[in-house]
Amino acid sequence: MNLNATIFGQSIAFFFFVWFCMKYVWPPIVAILEERQKRIADGLEAAERARVDLEKAQAESADQMKDAKVEAAALIDQANKRANQIVEEAKEQAREEGKRIIAGANAEIEQEINRAKEHLRAQVSSIAIAGAEKILEKSVDQAANEEMLNKLASEL
Amino acid sequence: MASAGPEGAEVAQTATEYVSHHLGFLRYGRTEDGTWGFAHSVEEADAMGFWAINVDTMLISVLLGLLFVGVFRFCIKNATVENPSMFQNIIESIVEMVQNSVNSSFDHKNNLIGPLALTIFCWIFLMNTMDIIPVDWIPLLAQTVAGDSHLYFKAVPTTDLNITMGFAISVFFLIIFYSIKMKGLGGFLGEFAFQPFGKWAVPLNLLLELPGFLAKPVSLGLRLYGNFFAGEVIFLVIALLGWYQLPLHFGWAVFHILVITLQAYLFMMLTIVYLNQAHSHH
């Protein structure tokens, strides 16, 4: 065997380097590795959170869009209904107005007819008198016959 | 030195000398005349006994340890969370590899295990990598610096049993320390005495459990040493082949890239597993 005190020297050196490594080499490197791991994990977590947020926002916007569409459809429907109603009302009004105008015209016509009748009646009596004058060839006392003629005229 | 001619007994002598010179240590200790100093031959080095130190492997070992902490500290100084450089990525991937190994094999909470595993892996990896450097370069450099062309200098620390056993007994010490810390002295000793056959077969239990326990550091240290000592000897033999060594050295070095990483990883994993056992109650 060729063992000598080098074995102790090596052991001392060994414990020195292990101590040095334990104090000044291992902890800083492991700290850097852990810090980087933590940052990567944080970054991934943030990305995941952002993805979830985005999904939620997309779902929300789709919901809002659907609501808006339904609302818009309802408004258009309502507007159409209202327009129809207005048209119907206008038609009704026009019809009534027409009726009223027709009624007015009818009344006026009636009045005109009556007036014409009256006029005619008055003329008929004078024509009848003139006719009778001609027939009788003699002047009839107008005053004496007036009563009879008026009676005739009212019978017309 | 690397080119020995193909003729006769004298050449064989030269080759033997070459290999054994490369396997010798630059050892500092008490020489036969009672003074302290460097050994000048393998025999002199062997005669120094236990109280001597292999200056070459110890020096390279400490320099590589400093290189390891220096490179990592340099990386930390310029490290950022958001924008890591290529260099930082490499360092981080090593740390993550070690961290994953610890997480997969170690079930307890202990802040020592991560840095321990990282130090073992990186340091042994660097020591093993010295293997790839052509066998003459570093000794030649040392000889030039020292101004002594006969200087012994062993450049690969893991080819020195002292270095590998230094690792192994340090880990063994930690195993004992944490076993006693987690289970108490009684619990720790009880595992040898009362398993696997219960308290009526204490001697048999000791006979079964103790060798297995003691084999842990021995196998750890010897496995690493054996792999790299053998690899080094092959490198030395290849280096004797003159120009033919170039493709052979390349092939063996490529194969050793695998061994270097594998052995460093294996030492680290076994350390983690042994310490996990030390923390667990059986």
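Scope of the values below: all heavy atoms of this structure, side chains included, with no hydrogens, waters or symmetry mates.
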Side chains of [X] and [Y], heavy atoms from C-beta outward: is any pair under 4.5 Å?
X	Y	answer
A:Ile29	B:Gln88	no
A:Asn4	B:Arg27	yes
B:Thr119	A:Trp26	no
A:Leu33	B:Glu96	yes
A:Phe8	B:Ile53	no
A:Lys23	B:Pro115	no

[X] [atom1] to [Y] [atom2] distance, which is reported to the nearest 0.5 Å:
X	Y	atom1	atom2	value
B:Tyr28	A:Thr6	OH	OG1	13.5 Å
B:Ser170	A:Ile12	OG	CD1	9.5 Å
B:Ile163	A:Ile7	CD1	CD1	9.5 Å
A:Arg39	B:Glu82	CZ	CD	4.5 Å

Interchain contact, [X] with chain A, by part (heavy-atom threshold 4.5 Å):
X	value
B:Ile169	side chain
B:Gln99	both
B:Leu112	both
B:Leu66	both
B:Thr80	backbone
B:Phe68	side chain

Considering residues, nucleotides and ligands other than [X], do more than 12 of their heavy atoms fall under 6.0 Å from its [atom1]?
X	atom1	value
A:Gln78	CD	no
A:Phe16	CZ	yes
B:Phe74	CZ	no
A:Glu108	CD	no

| task | May I have the step-by-step check of side-chain contact (heavy atoms from CB on, under 4.5 Å) for A:Arg36 and B:Glu92, ending in yes or no? | result | CA-CA 12 Å; A:Arg36 186 176 305 135; B:Glu92 278 179 7; 2.7 Å; yes

| remark: Ranking B:Ala45, B:Gly49, B:Pro84 by heavy-atom pairs under 4.5 Å to chain A gives rank one to B:Pro84

| What about A:Phe20 and B:Phe72, are their ring centers closer than 6.0 Å? | no

| said: Would you call the rings of B:Trp123 and A:Phe14 parallel, tilted or perpendicular, taking 30° and 60° as the class edges? | reply: parallel

| Is it the backbone or the side chain of A:Phe15 that comes under 4.5 Å from a heavy atom of chain B, or both, or neither? | side chain

| Donor-acceptor contact present, side-chain B:Arg73 to main-chain A:Val25, <3.5 Å | no

| field | Steps toward side-chain contact (heavy atoms from CB on, under 4.5 Å) verdict (B:Leu116, A:Met22) | value | CA-CA 7 Å; B:Leu116 175 75; A:Met22 190 176 165; over 6 Å; no

